[in-house]
Structures are given as structure tokens and as C-alpha cells.
Amino acid sequence: MALYREMIIKGIYPDTYTIPYVLKACAGFRAVEEGQQIHAHAIKFGLVCNVYVLNTLMRMYAVCGIIHYVQKLFDESPERDVVSWTTRIQAFVKMGFAKEAIGAYFDMCREKLRPDKRTLVVVLSACSRLGDLSLGTQIHENICDVCDIYSDVFLGNALIDMYMKCGDADSARQLFHEMPVKNVVSWNSMISGLVQQGQYKEALDVYNDMQRIRLKPDSVTLVAVLNACGNLGKLELGKWVHAYIDKNGIKADGFIGNALVDMYAKCGSIEQAFGVFQGMKFRDVFSYTAMIVGYAMNGEAQRALDIFAEMPVVGIKPDEVTFVGVLSACSHAGMVEEGRKHFEDMSRVYNLEPQTEHYGCMVDLLGRAGLISEAEEFIENMPIEPDAFVWGALLGACSIHGKVELGESIMKKIVTVEPVRDGAYILMSNIYSSANRWKDALKLRKAMKERKVKKTPGCSLIEVNGVVHEFRKGDKSHPKVEELKKLLEEMAVHLRNYGDCSTSNFIS
DNA sequence: ATAGGGTTAG
């Protein structure tokens, strides 16, 4: 850049070779203003009719996120080649306009331009974002016409990612095994893909295979592994990853730091989570959200709200997920007024539209506090259609406060929205049982069987000395189940002595 | 002689 300036000052004109060089540097540093200056030079010296110059200009605006200019340059350019199209498609994908990207791809085909490997990689990433499997499969077939899929790691990786994001883990796995050359991105696509599908154990299996061939994980790998650890309660492995990060001088940047906070919080080590959070140089919405949700999950509502109150001070705007944490913290602590205030602030102060999760949290908040008719009213005034999550929250309130008739009418609504999940049936049958209406409870259990309702076993994970113990409701397979039961009974007796009545049936 | 576009994460 300095050399280029010197050149201009000395009165030497740039040519069609100079401009792409300097523009590449601008794109690398996201220096829009300098890029615009170069753009002005290119116009001044009459170089904008060259495809190379045009394409690098488009690319510079694309990485700086100014899609408007990309489109303008594309429209005005006298000559467009595969690179121009690819750059425009990529710009759409980057800005989250996946549909437009696909549209541009088909326009390109209509203009009788043949896409190459790099175009197809970008188009596949658009399919991933859309989660459109049939479109992705169609592109896969297009690729087979153009070239050999196995001839390019990038293409293979993009295909794995596409199948994973479209929910077809089997095809992704098959492709992965057939690829003759793999790199760390191929492994990462598999591992994070499985994590996104909730197949945490499978993700860790793939990670073990990766270690077996002694391929070094990078920060993308570790973020996915930490995510799996958090969801499986694998604190020991999570700690090991933390040590690995420190030892290998991997930058504890945003992604890694946030993943560590999330992992520790989900594993119940909330103090460790806070330690990592405090040690981070740069914190963003995700760091704060992980901490708030973590505190809420671990029953520390006040600390969740304290962290939330810090956000405007440091100038970080909360997002929808942050508010799920805030509202659930209020709900579990019975802070009705506080919760109401935050719910109102969501749209009024932060311009965020409440989603069904937020309405569900509010119904839960009101319902738990016994304000059932207000909770009902709240649902009636919802601008969006209430889903099973919202009705479920109200049903939960009926279960706590023994409202049988209301429960029955809610049950009817839930069955129409979501007939195959077990949660509501269990709640309702508990309501009947508490009201001594055993016949109705039995009838409901029968209906569950008839409708083939899927049962998700109540389950908790805990790790002791590196071994994960999984407890399912009614499961007696743990080797020390009798000892555990005895201990729990003793604990319940102690707790009741301190005036806690909620422990009577937690031993099951 | 010298130039441009690609995949993975919270």
C-alpha cells in the first residue's frame, strides 16, 4: 500500500496489473476507504473495463460487506466471466441471501456459462444455509457432470457440509470415507456437523479417529468438541481440551473462549465458566449470553441479571438468545415484575421481536407464580401463533397449582399442534394423579400407547473421575443403584428437616 | 514477464 502511494505521488500510473494487487491487500485488511480510493483511481485511469480489475473490485466490496456495490459493478461491467459470477454468488452467501445466490447460479447456467469447481463450492455453501437437501443433491449431480468429486478436497468438504446441514448424516459419512484425500477441514465438517445434529457421542468418536491418525485439531475442531462435552456432561474431556489450548498456545479468541464458558456452565462448573469469562480479552454477545444462560441454568438468577446489567455498560447489545436466559432466570427465581420489565424492554429498548420461546418463558413465569388467568390472557394477546412450548408452560403451571379442568382444555390444544411428544401427556397424567383421578390418568396412558407417542426418558448425566454416569428415570442398571437410593433417601430426610417439601418424589 | 473467485465454528 505504501509503495503504491509512493508510485502515485511520483506520478507513475497504475495499470491493470497493479490495481488487483493493491485491492487484494485492501480486501485482506477490510480497508473499505482505501479500496474506494483505488476504485476512484481505476476510474480515473480508465481501467474499469478490464475483467481482472472489475472482479477484484467486486471481491473487495464483497468481503467488506457492501453488496450494493458488488451488484452495481456486476450490472455495469461490459464483460462477465465465471469469476465475476462466482464472486457475486459468494457475496450473496456471505450476506445471508442464500436464495439470491442460488438464483444467480441458475441465471449463470442460463447464460451458457459453465460453473467450475470453485463456483460449485460456493453454491453448495448456499444449499447448506438453506438446508435444502433436494437442491443440494441436484448440485451434487451437476458436479458429477463437470468433474470428479474426489479430485478436489474443497469440493468434498463442501459436499460433506451440505449433507450434514441438510440433515443427511449418512451421505456425509459415506462421502467422508470415500474421499481419498482429507484435510483438517474435512474432519471439522464431520465433527461439527454431527454436533449440530445432536449426535454428540458420534462426534467424539470421529474426533478420536482423528487423534488416532495424529492429525492436529485446530480451533474449529476444539470448539465443536467443547460443544459436545457440554451437552454430554464430559467435564474431564472438556478440561483436557482447555489444558490443550493453553499448552499449544492456541489463541483463546472469541470462539474458543465462548465455547469454554459454555462447556463449563453446561457441566455445572459455573465458577470455572466465570473464570474463563473474566480472563477473556474481548467479550461479545455470545460470551455474555453463555454466562447468563449458564447462571440461569445453575439456579443463580441474581448473578445472571447482574451480568446482563453489565452489557449496556460495555456497549454490547443483547440478542434473542440472551433474553431467553434473562427470562428463564426470572422465571426460576419467581421474579415476576423484573421478568415483565425485561420482556417489555426486548421490543421497546432493543428492537427485538419476542419469539415463542420468550412467550413460553413469560407464561412459565406467570404460571409458576400462580397468576394463571393472567398467563392465559397473555397467550390470548400473543401476536404469533402459540406453539407446544407455550401451551406446555401453561400446562406446567396447571400441574403445580392443581388446575384439572384448565389442564384438560390445554391438553386438547397441545395434541393438535404436537401429538407425538410425551411431555404434555406426562404432565397431564400427573395432574390427574394429584387430583386422585386415577381412571383419567390411566385413560391418558392408554391414549399415549394408541397414538404411539415417543417417550424421551428423563435422564441426567454426571461425571465422576472421568466416567460419565447416565441416570434415566426408572433405570436401575447402575451398578451402585441401591447405595445411591439410600443416600438420596437420607438427603431427602435432611432436606425435609430444613423445610423443603419438594423432594418427596425425586427418587425414581 | 507480472492479475481475479473456494470449504469448517460460538
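In the text below, chain A, chain B and the rest are named by the order of the sequence lines, each starting its count at 1.
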Note to self: Of the options B:dA9, B:dG10, B:dG6, whose atoms approach the side-chain atoms of A:Lys117 most closely?
What the structure shows: B:dG6
Note to self: From the set B:dG10, B:dT7, B:dG5, return the single nucleotide nearest to any side-chain atom of A:Asn157.
What the structure shows: B:dT7
Notebook entry, point to check: Do A:Thr86 side-chain atoms and A:Val82 backbone N/O form a donor-acceptor pair below 3.5 Å?
Noted result: yes
Margin query: Applying a 4.0 Å non-hydrogen cut-off, can you work out what A:Thr16 is touching in the nucleic acid: base, sugar-phosphate, or nothing?
Written below: base
Note to self: Under 4.0 Å from OP1 or OP2 of B:dG10: is there any side-chain N or O of A:Asn227 that close?
What the structure shows: yes
Next item on the list: Just compare B:dT7, B:dG5, B:dA3 and give me whichever is closest to any side-chain atom of A:Arg59.
Entry: B:dG5
Check: Is A:Thr119 touching bases, backbone alone, or none of the nucleic acid, heavy atoms closer than 4.0 Å?
Finding: base
Note to self: From C-beta outward on A:Gln196, which listed nucleotide comes closest to its side chain: B:dG10, B:dT2, B:dG6?
What the structure shows: B:dG10
Checklist line | Rounded distance (Å) that lies between atom P of B:dG5 and atom CG of A:Leu155 | finding: 17 Å
Check: Side chain of A:Pro20: nearest nucleotide among B:dA3, B:dG5, B:dT8?
Finding: B:dA3
Next item on the list: Please tell me which of the listed nucleotides, B:dG10, B:dG5, B:dA3, lies nearest to the side chain of A:Val223?
Entry: B:dG10
Notebook entry, point to check: Can a donor-acceptor pair under 3.5 Å be found between the side-chain atoms of A:Thr87 and the base atoms of B:dG5?
Noted result: no
Check: Taking the side chain of A:Val122 as heavy atoms from C-beta outward, which of B:dG5, B:dA3, B:dG6 is closest to it?
Finding: B:dG6
Next item on the list: Would you check if there is a donor-acceptor pair between the side chains of A:Glu178 and A:Gln174 at a distance under 3.5 Å?
Entry: yes
Notebook entry, point to check: Rounded to the Å, how far apart are A:Tyr163 OH and B:dT7 P?
Noted result: 19 Å
Margin query: Distance check needed: B:dG6 C1' versus A:Asp161 CG, whole Å only.
Written below: 13 Å
Note to self: Measuring from the side chain of A:Asp152 (C-beta onward, heavy atoms only), which nucleotide among B:dG6, B:dG5, B:dT8 has the closest atom?
What the structure shows: B:dG6
Next item on the list: Would you indicate what A:Phe154 reaches in the nucleic acid, counting non-hydrogen atoms under 4.0 angstrom: base, sugar-phosphate, or nothing?
Entry: base
Note to self: Taking the ring of A:Phe308 and the ring of A:Phe323, is the distance between their centroids below 6.0 Å?
What the structure shows: yes
Note to self: By the 4.0 Å heavy-atom rule, please label A:Gly254 as base, sugar-phosphate, or nothing.
What the structure shows: base
Margin query: If the cut-off is 4.0 Å, is A:Lys165 near the phosphate of B:dA9, judged by side-chain N/O to OP1 or OP2?
Written below: yes
Notebook entry, point to check: Out of B:dG10, B:dA3, B:dA9, which nucleotide sits closest to the side chain of A:Ser219?
Noted result: B:dA9
Checklist line | Shortest side-chain distance from A:Ser192, nucleotide among B:dT7, B:dG5, B:dA9 | finding: B:dA9
Next item on the list: Go through A:His41 and A:Tyr13 one step at a time and tell me if the side-chain hydrogen bond (donor to acceptor under 3.5 Å, both in side chains) criterion holds.
Entry: CA-CA 9 Å; A:His41 291 168; A:Tyr13 290 174; over 6 Å; no
Check: Can you find a donor-acceptor N/O pair under 3.5 angstrom joining the side chain of A:Ser84 to the base of B:dG5?
Finding: no
Check: At under 4.0 Å between heavy atoms, what does A:Val82 touch on the DNA or RNA strands: base, sugar-phosphate, or nothing?
Finding: base
Next item on the list: Run the ring-centre check on A:His39 versus A:Tyr61 and record whether the distance is less than 6.0 Å.
Entry: yes
Item checked: Rounded distance (Å) that lies between atom P of B:dT8 and atom CE of A:Met162 -> 13 Å
Next item on the list: Ignoring backbone atoms, establish whether A:Arg80 has a side-chain N or O less than 4.0 Å from OP1 or OP2 of B:dG5.
Entry: no
Checklist line | Whole-Å distance separating the CG atom of A:Asp284 from the P atom of B:dA9 | finding: 16 Å
Item checked: Donor-acceptor under 3.5 Å (A:Arg59 side chain, A:Lys24 main chain) -> no
